[in-house]
Amino acid sequence: MRLINRHPGRASALVLGLIPFLLAILVYGMASRERLAENPNDKLLPGLEQMTSAINRMAFQEDRRSGDYLMWQDTKASLQRLAIGVGIAASLALAVGLLNGVLPVFRAGLAPLVSALSMIPPLAILPILFIVFGLGELSKVMLIVIGTAPIMMRDVAQRVRELPQEQLIKIQTLGANSWQVVTRMALPQVLPRLIDTVRLSLGPAWLFLIAAEAIASEEGLGYRIFLVRRYLAMDVILPYVLWITLLAIVIDQLLRLTNRRLFPWYNAGGH
Amino acid sequence: MSFITVNRLWKEYGSAVVLENLNLQVKQGEFCTLVGASGCGKSTFLKMLLGQEQPSRGELNLEGQTFPGEPDRNRGIVFQRYSVFPHLTVRQNVLLGLELEQKPFLGKLFGQQRREALDKVDGMIESVGLAHAANKWPHELSGGMQQRLAIAQSFIMRPRVLLLDEPFGALDPGIRGDMHELILKLWRETGTTIFMVTHDLQEGFYLGTRLLVFDKVRNDPQQPEAYGATITYDLPIGETSRQVYQSIESSVSETARNLSA
């Protein structure tokens, strides 16, 4: 049988999926043990013991200087920035994308600008944001907004325009005015697609968040990683990276489930 | 004065002539079927009746007035596909037109008004035979049921003209027969003027009151777009014979061969 026609069963697919993870852990564990055997104070590849003690210190003990639980504080600060930034970006994307998608006049005036904006490398204007909005929360949120909104706007507009032309004609024959075309045809059908777009934009959003936190911040997951880098504290950095990854997976899956729950017609292939 | 008047109508796209010198008078309540080879302008003519396309030359009048330049609630349409809204259930799909009409800003009905409208909607759903599926999503319906829904959605608005663009083209032959009965029943009940485009000459011969054949009279093999199509046969249904059927069939298929060559 040709390789392209061989499909793994459920159980074997699960095992196949786990193998790379197990291999990575195994390789890391071996390398770490080897280095630690040579030098118990090695910082580069900390073992499980060092990492758990670091997590314990960061997450479950009060910081000696500030009295805070640093990891939770960092998580809260970062998630808040991420949520505000992505929330604003998604709202902007929805509004501009709908108008661009439905109204030709609006599209003619705004689509070239949106395309041009989406080509600006957001990190290149980070200094401008710091200068304009200061080093506080606003500049970090703005970086996420500027980094993710233009592409989401283009995506939403594209999704609106992908709706069959027949629907647009049909709703007009039912007497819809332009406003009703937006609110009763385009908006409800584009919402589940917006959630998909947000899921895809979360990667870039994390990137911009951590970049902004690394450069100027007093708390946050990205800030912490870059702070402890000075002490080569891999025992903190690695758990933090794993934690961020876990958060990203959880957020992504929550959005996926929300989409399924709210829009049953969309996920059952009704589009 | 006739209900719809077409007077020396031409439609051109650049140098390509689609329709040439079309003349037609249609009375209110007629059921016209439009047949002809692909590319003979049947759908273009339907789009002009809908307001989606404008004639290049000539007149297209509804009760003496020029046709409105965009689709409106007086002219319903059923396409071959994508006519219903996937994000609304069967009931919501049929209700939509009433909601749009009564609530220009919200586009939704509530309370007593909604209940009254839903009574009407349920009656309509019943009469197209979808009562058992009233709360299903369109993707849960078969192709035939989706078309029933699209028909109900249009008919509830009581449009003055109903346009059907190959509505049963994608359906199985058996289902198609049921749909013919449905559309004839609704047409008799409402007296709406219907234009139906079809590929199927049989369907055109059987359904409605009047058969319009779109065909090219002249053909330039070197330049197929040089001449447009026009109405070559305009026959009342019931007076059509086997001989006429065969002569239309051969003429239409010859045009189709020329166009695809």
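Protein chains get the first letters and strands the later ones, always in sequence-line order, with residue 1 at the start of each.
- With a 4.5 angstrom heavy-atom cutoff, B/Phe79 touches chain A only via side-chain atoms.
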Would you mind writing out the side-chain donor-acceptor pairs for residues 34-42 of chain B within the sub-3.5 Å range, not counting sequence neighbours?
residue	atom	partner	partner atom	Å
B/Lys42	NZ	B/Gly36	O	2.9
B/Lys42	NZ	B/Ala37	O	3.2

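- More than 12 non-hydrogen atoms from other residues, nucleotides or ligands lie less than 6.0 angstrom from CZ of A/Arg256.
- Without hydrogens or angle criteria, B/His87 side chain to A/Leu187 main chain gives no donor-acceptor distance under 3.5 Å.
- In this structure, the side chain of B/Arg73 does not engage the main chain of A/Thr173 through any donor-acceptor pair within 3.5 Å.
- A search for salt bridge (charged side-chain N to carboxylate O under 4.0 Å, His left out) contacts involving B/Lys11 returns B/Glu53, not counting sequence neighbours.
- Ring geometry, A/Trp179 versus B/Phe105: the interplanar angle falls under 30°, so the pair is classed parallel (tilted spans 30 to 60°).
- Side-chain contact between A/Gln180 and B/Glu99 is absent, with no heavy atoms from C-beta onward closer than 4.5 Å.
- Here the CH2 atom belonging to B/Trp137 is positioned 10.0 Å from the CZ atom belonging to A/Phe263, to the nearest 0.5 angstrom.
- Residue B/Leu88 holds its CG atom at 9.0 Å from CH2 of A/Trp265, rounded to the nearest 0.5 Å.
- Within 6.0 Å of CD in B/Gln28 there are more than 12 heavy atoms belonging to other residues, nucleotides or ligands.
- Annotation: side chain of A/Gln172 is not in contact with side chain of B/Asp72 (no heavy-atom distance under 4.5 Å).
- Residue B/Arg176 qualifies as enclosed at atom CZ: its count of foreign heavy atoms under 6.0 Å is above 12.
- Remark: B/Glu189 CD is packed, more than 12 non-hydrogen atoms of other residues, nucleotides or ligands lying under 6.0 Å away.
- Interface residue B/Pro104: backbone and side-chain heavy atoms are both found under 4.5 Å from chain A.
- No part of B/Leu98 comes within reach of chain A, as not one of its non-hydrogen atoms sits under 4.5 angstrom from that chain.
- The neighbour count for B/Gln112 CD, taken as heavy atoms of other residues, nucleotides or ligands under 6.0 Å away, is above 12.
- Heavy atoms closer than 4.5 Å to chain B are found in both the backbone and the side chain of A/Ile171.
- Interatomic distance, CG of A/Asn177 versus CD of B/Glu101, reported as 12.0 Å (0.5 Å rounding).
- The neighbour count for A/Arg161 CZ, taken as heavy atoms of other residues, nucleotides or ligands under 6.0 Å away, does not exceed 12.
- Interface residues of residues 150-168 of chain B toward chain A, defined by a heavy-atom distance below 4.5 Å and sorted by number: B/Ala150, B/Gln153, B/Ser154, B/Met157.
- By the salt bridge (charged side-chain N to carboxylate O under 4.0 Å, His left out) test, A/Arg81 pairs with A/Glu137, A/Glu213, sequence neighbours left out.
- Here the side chains of A/Lys170 and B/Tyr82 are not in contact, with every heavy-atom distance at 4.5 Å or above.
- Environment of CZ in B/Phe110: crowded, with over 12 heavy atoms of neighbouring residues, nucleotides or ligands closer than 6.0 Å.
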